[in-house]
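Every number for a ligand or one of its atoms is a count from 1 in the order of the listing. Here the structure is a predicted model, which is why all the values come from computation and not from measurement. Heavy atoms only: backbone and side chains are in, while hydrogens, waters and symmetry mates are out.
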Amino acid sequence: MARGEYSQKHFVASITLVTLLLVIWAFRKSRHGRTRLPPGPCGLPLLGYLPFLGTNLHRSFAELARVHGPIFKIWLGSKLCVVLSSPAVIKEVVREQDRTFANRDPTVAALIMSHNASDIVFAPDGSTWRMLRKVLVHEMLSNRNLDACYMFRRHEVRKIVIDVYSKVSTPIDIGQLAFLTVFNATTSMLWGGTPEGNEWSISFGAEFRAAVSAFSVLMEKPNISDFFPSLARFDIQGIEKETKKISLWVEQIFDSLLEQRMEVNAAKRMNATQKDFVQSLLELRDQQGSGSSITLKHMKSLLLDIVAAGTDTVSAMSEWVMGELMRHPKVMQKLCEELTSVVGLNDIVEEFHIPKLKYLEAVVKETQRLHPAAPFLVPRSPSQTSTVGGYTIPKGTKVLVNVWAMQRDPQIWDRPLDFQPERFLSKTEKVDYSGNNFMYLPFGSGRRICAGLPLAERMLTYVLATFLHSFEWKLPFGTELDLSDKFGLVTKKSTPLVLVPTPRFSNSELYA
Ligand code: HEM
């Protein structure tokens with residue numbers, strides 16, 4: 001193509017783009033001109049507040065709330081977002097108008113990975129979401145089922161203890177260790193009952209882990225298509241294309257898993273005492289017969305939800321707890337004393353010990369207050385225009401609940417930046433994860449509250465109790481503790497926590 005012709009085309013394309021953006025802006029202004037939207041910071045025409053955002057959104061939005069109040073609006077491109085950060089306005093959304101605000105606002109990448117929102121996390125409030133949530137909460141994560149698959153979790157956690165024992169006195173990256181433990185325990189519960197042996201499971205697990213990591217990276221990338229939905233068809237950064245590739249990869253992995261398991265079932269080679277989640281799902285589908293509402297596509301979405309929503313969150317929280325314990329040696333000492341008294345130094349931690357570990361429970365709660373894994377929960381979106389705190393929230397707005405800011409608010413919490421697990425041991429005021437106390441919502445609230453809560457609680461405390469009871473952990477000589485964070489779908493430490501373990505048990509058989 002001649003150079004002049006190229007420049008002309010380039011010029012026409014640029015003019016078209018700018019005109020399109022101006023039309024969107026004018027339309028947006030006229031549409032919202034007469035409604036009483038919440039106050040908020042001024043941005044630039046078209047781009048809104050995007051150029052001023054920075055990277056640590058939970059902190060920037062806490063600052064903006066100090067200026068504009070507990071409910072403020074912010075334009076990110078052509079997307080209207082409303083940020084909530086006080087118990088009163090949050091209660092209006094997640095309790096009083098829970099039904100209206102029960103939809104999500106998935107990004108382009110989330111829509112692709114969730115097969116157009118046919119999973120639990122992103123499906124709109126409706127029959128598919130209800131059916132999937134019921135299967136997960138009442139079938140797969142029922143107390144009975146979680147007890148039944150404890151052996152899968154235990155097996156993986158013990159393997160990690162043995163591995164750490166082989167590395168005593170050397171520095172270990174706690175985030176990686178926790179991720180591997182939680183990932184292996186989770187996938188083992190999902191399909192660990194495979195009779196095809198460990199090797200198949202290991203190579204399958206490694207491939208799946210790579211796919212899930214690639215998926216997390218894409219989910220966290222800011223995407224122009226999300227800020228300017230009218231430009232989504234151009235997929236300017238190629239995120240849509242890339243996500244489709246990963247989605248296909250995950251799909252193929254799951255297809256091979258399910259096909260293999262169906263073959264095993266047809267040949268009746270499955271060991272009934274080792275029923276994993278895949279087996280439970282296939283049996284459920286068979287029981288429902290030809291009119292079954294749960295399809296293979298639903299099963300794949302469910303499996304991906306469990307891994308994607310459950311591994312990064314639990315492992316990031318484990319790392320935060322270990323970090324806070326390093327900063328607070330007295331808390332660490334008290335916790336070790338509790339473990340010694342409840343479990344004993346001649347025994348290993350089992351899940352049945354967990355309900356007795358009250359101080360550990362308080363330490364975990366206090367850590368989730370200061371470092372909630374999902375600082376904005378999972379954004380919600382109203383299915384119709386509504387009013388919150390006296391302001392109009394138009395249908396389709398992205399609603400972010402800044403629990404990070406609320407859980408550190410000095411007007412709500414006494415000495416909020418101090419790490420005081422004791423505040424969760426009060427006999428008079430019990431603060432739990434149920435989402436009924438609107439000043440403390442690390443797992444969300446209302447109908448969209450975390451569907452994996454029972455598993456999250458069990459795994460987090462079991463993994464931490466095991467790490468802390470089996471080893472004494474110290475910072476490597478000469479290093480400093482850094483507890484700064486990095487915003488993301490799951491907010492993690494900005495630098496890895498590296499610690500050196502030494503055995504706590506004198507009986508080496510407890511590490512076998
Ligand atoms: C420490 C660990 C975890 C934390 C802090 C956490 C936190 C959350 C939060 C804040 C939400 C959004 C709630 C809302 O919008 O109100 C959520 C949703 C969800 N979580 Fe978790 N989660 C954890 C572990 C898990 C695990 C282990 C699973 C899997 C079994 C899981 C599955 C889900 C699902 C499926 C949803 C979507 C629920 C819905 O939209 O109906 N989570 N989680």
Value rounded to 0.5 Å, distance of CD in Gln384 from CG in Asn103: 10.5 Å
Parallel, tilted or perpendicular for Phe208 and Phe254, by the 30°/60° rule? tilted
Nearest protein heavy-atom contact for atom 14 (C) of ligand 1: which residue, which atom, what distance? Arg448 O, 3.1 Å
Mind telling me whether Tyr440 and Phe424 have parallel, tilted or perpendicular rings, with 30° and 60° as the class edges? tilted
Return the orientation label for the Phe376 and Phe487 ring planes: parallel under 30°, perpendicular over 60°, tilted otherwise. tilted
Atoms of ligand 1 less than 4.0 Å from Ser445 heavy atoms? 16 (O)
Going by the angle between their ring planes, with limits at 30° and 60°, are Phe72 and His68 parallel, tilted or perpendicular? tilted
Considering heavy atoms of the protein only, find what lies nearest to atom 23 (C) of ligand 1 and give residue, atom and distance to 0.1 Å. Thr313 OG1, 3.6 Å
How far is atom 3 (C) of ligand 1 from its nearest protein heavy atom, and which residue and atom is that? Phe443 CE2, 3.4 Å
Find all atoms of ligand 1 within a distance of less than 4.0 Å from any non-hydrogen atom belonging to Gly444, and give their numbers and elements. 10 (C), 13 (C), 14 (C), 16 (O)
Under 4.0 Å between a Lys/Arg side-chain N and an Asp/Glu carboxylate O for Glu220 and Lys486? no
List the closest protein heavy-atom neighbour of atom 27 (C) of ligand 1: residue, atom name, distance to the nearest 0.1 Å. Gly310 CA, 3.4 Å
Pairs of nitrogen or oxygen atoms closer than 3.5 Å, one from Arg133 and one from ligand 1: do any exist? yes
Give me the residue, atom name and distance of the protein heavy atom closest to atom 12 (C) of ligand 1. Val378 CG2, 3.5 Å
Lys/Arg N to Asp/Glu carboxylate O, Asp312 vs Lys492, below 4.0 Å: yes
Can you find a non-hydrogen atom of Trp129 under 4.0 Å from ligand 1? yes
Counting non-hydrogen protein atoms only, what is the nearest one to atom 28 (C) of ligand 1? Give residue, atom name and distance. Gly452 CA, 3.5 Å
Closest protein heavy atom (residue, atom, distance) for atom 7 (C) of ligand 1: Pro442 O, 3.8 Å
For Ala373, the atoms of ligand 1 under 4.0 Å from one of its heavy atoms are 5 (C)
Residue and atom name of the nearest protein heavy atom (relative to atom 22 (N) of ligand 1), distance in Å to one decimal: Cys450 SG, 3.1 Å
Under 3.5 Å, is there a donor-acceptor pair between the His298 and Ser301 side chains? no
When you measure from the heavy atoms of Arg104 to every atom of ligand 1, does any distance fall below 4.0 Å? yes
I'd like to know if Asp432 pairs up with Lys365 as an ion pair, taking the criterion as any Lys NZ or Arg NE/NH1/NH2 lying under 4.0 Å from an Asp or Glu carboxylate oxygen. no
